[in-house]
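Since the structure is predicted, the reported quantities are computational estimates derived from the model, not experimental observations. In what follows, chains carry the letters A, B, and so on, assigned in the order in which the sequence lines appear, proteins first and then strands, with residues in each chain numbered from 1.
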2 protein chains.
Amino acid sequence: MSLENQELRKAGLKVTLPRVKIYQILEKAGEGDHFSAEDIYKLLMELGEDVGLATVYRVLTQFEAAGLVSRHHFEGGHSVFELARDEDHDHIVCVKCGKVREFVDNQLIQRQNEIAKELGFTITDRTLYLYGLCTEGCEKK
Amino acid sequence: MSLENQELRKAGLKVTLPRVKIYQILEKAGEGDHFSAEDIYKLLMELGEDVGLATVYRVLTQFEAAGLVSRHHFEGGHSVFELARDEDHDHIVCVKCGKVREFVDNQLIQRQNEIAKELGFTITDRTLYLYGLCTEGCEKK
DNA sequence: GTTTTTGCAAACCTTTTGCATTGGT
DNA sequence: ACCAATGCAAAAGGTTTGCAAAAAC
């Protein structure tokens with residue numbers, strides 16, 4: 001049995017065509033690739049798969065609940081998804097070409113924890129998005 | 001002429017009743033208060049002002065363009081606004097009671113700048129939202 | 001009086017939901 | 001066979017837009 005099927009089962013999800021296909025798309029993506037539901041829907045169409053947009057949303061939401069993917073709210077009104085990896089990471093997004101770089105920085109995390117403590121909060125989640133211009137290799141769209 | 005009227009003129013916006021009223025609402029808010037368009041619309045209704053929701057959106061968008069307010073995308077699908085103050089600040093939001101605390105931390109900012117530099121980016125904007133539970137005085141809704 | 005702004009309603013866009021049908025085990 | 005998952009279309013929620021009427025200047 002394939003690897004992705006095991007992942008799905010582990011998450012308590014039946015192995016269905018839409019779920020497998022969507023998982024494969026996410027899996028194939030490189031680091032920094034983030035897909036909207038619409039993106040995935042279009043990719044499925046190109047592959048000739050007959051999957052409804054509603055199903056894409058449902059599957060992504062299930063994947064998120066199962067911890068398989070993370071959802072991000074970048075600026076611009078819609079959510080994007082990526083396969084959850086071991087380590088939490090933050091994002092820097094080029095506002096011109098849309099390129100996304102990811103990074104992990106313990107100094108930032110620690111300082112955030114300190115601040116939360118000072119303010120009397122217990123952190124459950126955090127989102128840091130940096131926006132800017134990538135100074136080299138920016139394929140300005 | 002009143003102070004808020006000057007602010008509006010300075011921003012190149014004509015002094016109209018909706019704009020003044022909305023500016024006043026934002027001005028009266030305490031630190032940590034953030035309003036959605038709907039919030040402001042309801043407040044206007046309570047004040048007996050006959051302002052349409054579409055106008056609230058338009059005015060807030062204009063205020064944002066003029067740099068008078070900042071728009072934030074907290075989790076939950078809708079935007080919230082606050083009067084722009086001199087200093088940029090980050091937010092920590094209680095996921096139970098919705099309370100928002102603001103903070104400014106140069107250590108965080110500097111580290112973010114370093115990271116951006118390492119990755120070859122010039123930062124134009126950033127958003128850090130911490131989510132958690134306020135351990136004291138949480139009016140759990 | 002001219003131009004900008006407003007209110008209303010309709011459109012829009014992303015996401016969710018209801019329900020009959022299909023598909024996995 | 002059974003129950004879960006899907007497709008479709010319709011609804012929902014937040015936001016934007018077209019346009020005639022009203023308000024600024």
Side-chain angles (χ1 to χ4, degrees), chain A residues 1-2 4-25 34-45 47-66 68-81, chain B residues 1-2 4-25 34-45 47-66 68-81:
Chain A
M1 158 156 346
S2 78
E4 53 259 25
N5 291 12
Q6 292 181 46
E7 288 293 338
L8 293 177
R9 284 192 202 289
K10 224 190 302 176
L13 296 168
K14 282 191 179 161
V15 177
T16 64
L17 189 142
R19 303 218 256 237
V20 172
K21 287 293 170 195
I22 291 172
Y23 193 90
Q24 286 175 349
I25 287 175
H34 296 74
F35 299 97
S36 68
E38 191 79 30
D39 291 337
I40 291 179
Y41 177 66
K42 282 183 190 150
L43 286 170
L44 289 168
M45 302 295 270
L47 293 174
E49 302 295 344
D50 194 13
V51 175
L53 179 57
T55 299
V56 176
Y57 276 103
R58 273 186 291 232
V59 168
L60 288 172
T61 302
Q62 292 156 352
F63 282 7
E64 188 192 14
L68 290 174
V69 311
S70 340
R71 179 195 299 252
H72 298 285
H73 305 275
F74 292 159
E75 292 182 346
H78 60 297
S79 302
V80 294
F81 300 83
Chain B
M1 163 157 340
S2 78
E4 54 258 26
N5 290 13
Q6 293 182 45
E7 288 294 338
L8 293 176
R9 283 191 203 288
K10 224 190 301 178
L13 298 168
K14 283 191 178 162
V15 177
T16 65
L17 188 143
R19 304 218 255 238
V20 171
K21 287 295 170 193
I22 292 172
Y23 193 90
Q24 286 175 349
I25 286 174
H34 296 74
F35 299 97
S36 68
E38 192 79 31
D39 290 337
I40 291 179
Y41 177 66
K42 282 183 189 148
L43 286 170
L44 289 168
M45 301 296 269
L47 293 174
E49 301 296 344
D50 194 12
V51 175
L53 180 56
T55 299
V56 175
Y57 276 103
R58 272 185 293 230
V59 168
L60 288 171
T61 302
Q62 293 157 351
F63 281 7
E64 187 191 15
L68 289 175
V69 309
S70 339
R71 179 194 302 250
H72 298 286
H73 305 273
F74 292 158
E75 291 182 347
H78 61 295
S79 302
V80 295
F81 300 83

For this session: Take A:Thr16 and A:Leu8 through the side chain to side chain contact (heavy atoms under 4.5 Å, CB included) test and state the conclusion after the steps.
Result: CA-CA 9 Å; A:Thr16 64; A:Leu8 293 177; over 6 Å; no
Exercise. So what does B:Thr55 hit on the nucleic acid, given a heavy-atom distance under 4.0 Å: a base, only sugar-phosphate, or nothing?
Worked result: base
Exercise. If you find the nucleotide of DNA chain C closest to A:Ala54 and the one closest to B:Leu17, which residue's nucleotide is nearer the 5' end?
Worked result: B:Leu17
Exercise. How would you list all residue pairs meeting salt bridge (charged side-chain N to carboxylate O under 4.0 Å, His left out) that involve residues 49-61 of chain A, not counting sequence neighbours?
Worked result: A:Lys21-A:Glu49
For this session: Identify whether any heavy atom of A:Ser36 sits under 4.0 Å from a base atom; if not, whether one sits that close to sugar-phosphate; answer base, sugar-phosphate or nothing.
Result: nothing
Exercise. Rounded to whole angstroms, how far apart are CG on B:Leu53 and P on D:dG14?
Worked result: 10 Å
For this session: Rounded to the nearest angstrom, tell me the gap between atom CD in A:Gln62 and atom C1' in D:dA4.
Result: 10 Å
Problem set entry | Side-chain N,O (A:Arg19) to OP1/OP2 (D:dA5) below 4.0 Å | yes
Problem set entry | Derivation and outcome, side chain to side chain contact (heavy atoms under 4.5 Å, CB included), residues A:His34 and A:His72 | CA-CA 9 Å; A:His34 296 74; A:His72 298 285; 3.9 Å; yes
Exercise. Whole Å only: how far is the CD atom of B:Glu49 from the C1' atom of D:dA22?
Worked result: 16 Å
Mind listing the side-chain donor-acceptor pairs of residues 59-66 of chain A below 3.5 Å, one per line with the distance, residues two or more places apart or on another chain?
from, atom 1, to, atom 2, distance (Å)
A:Thr61, OG1, A:Tyr57, O, 2.8
A:Thr61, OG1, A:Arg71, NH2, 3.4
A:Gln62, OE1, A:Arg19, NH1, 2.8
A:Glu64, OE1, A:Arg71, NE, 3.0
A:Glu64, OE1, A:Arg71, NH2, 3.2

Exercise. Between D:dT15 and B:Tyr57, is there an OP1 or OP2 to side-chain N/O distance shorter than 4.0 Å?
Worked result: yes
For this session: Nearest whole angstrom, please: distance from the C1' of D:dT15 to the CG of B:Asp39.
Result: 15 Å
For this session: With DNA chain C as reference, determine whether B:Leu13 or B:Tyr41 sits nearer its 5' end, using the nearest nucleotide of each.
Result: B:Leu13
Exercise. To the nearest angstrom, how far is A:Leu44 atom CG from D:dC8 atom P?
Worked result: 13 Å
Exercise. NZ of A:Lys21 versus C1' of D:dA5: gap in Å, rounded?
Worked result: 17 Å
Problem set entry | Selected nucleotide, minimal atom distance to B:Lys14 side chain, candidates D:dC3, D:dT15, D:dC25 | D:dC25
Problem set entry | Test side chain to side chain contact (heavy atoms under 4.5 Å, CB included) applied to A:Glu7 and A:Lys10, step by step | CA-CA 5 Å; A:Glu7 288 293 338; A:Lys10 224 190 302 176; 3.5 Å; yes
For this session: Nearest whole angstrom, please: distance from the P of D:dA24 to the CG of B:Asn5.
Result: 11 Å
Exercise. Which is the 5'-most and which the 3'-most nucleotide of DNA chain C that has an atom under 4.0 Å from a heavy atom of chain B?
Worked result: C:dT4 to C:dA9
For this session: Would you mind reading off the distance between A:Met45 atom CE and D:dC8 atom C1', rounded to a whole angstrom?
Result: 13 Å
Exercise. Which heavy atom in B:Leu43 sits nearest to a heavy atom in B:Phe35, and how many Å separate them?
Worked result: CD1-CE2, 3.8 Å
Exercise. Passes side chain to side chain contact (heavy atoms under 4.5 Å, CB included), A:Asp39 versus A:Ile25? Steps please.
Worked result: CA-CA 10 Å; A:Asp39 291 337; A:Ile25 287 175; over 6 Å; no
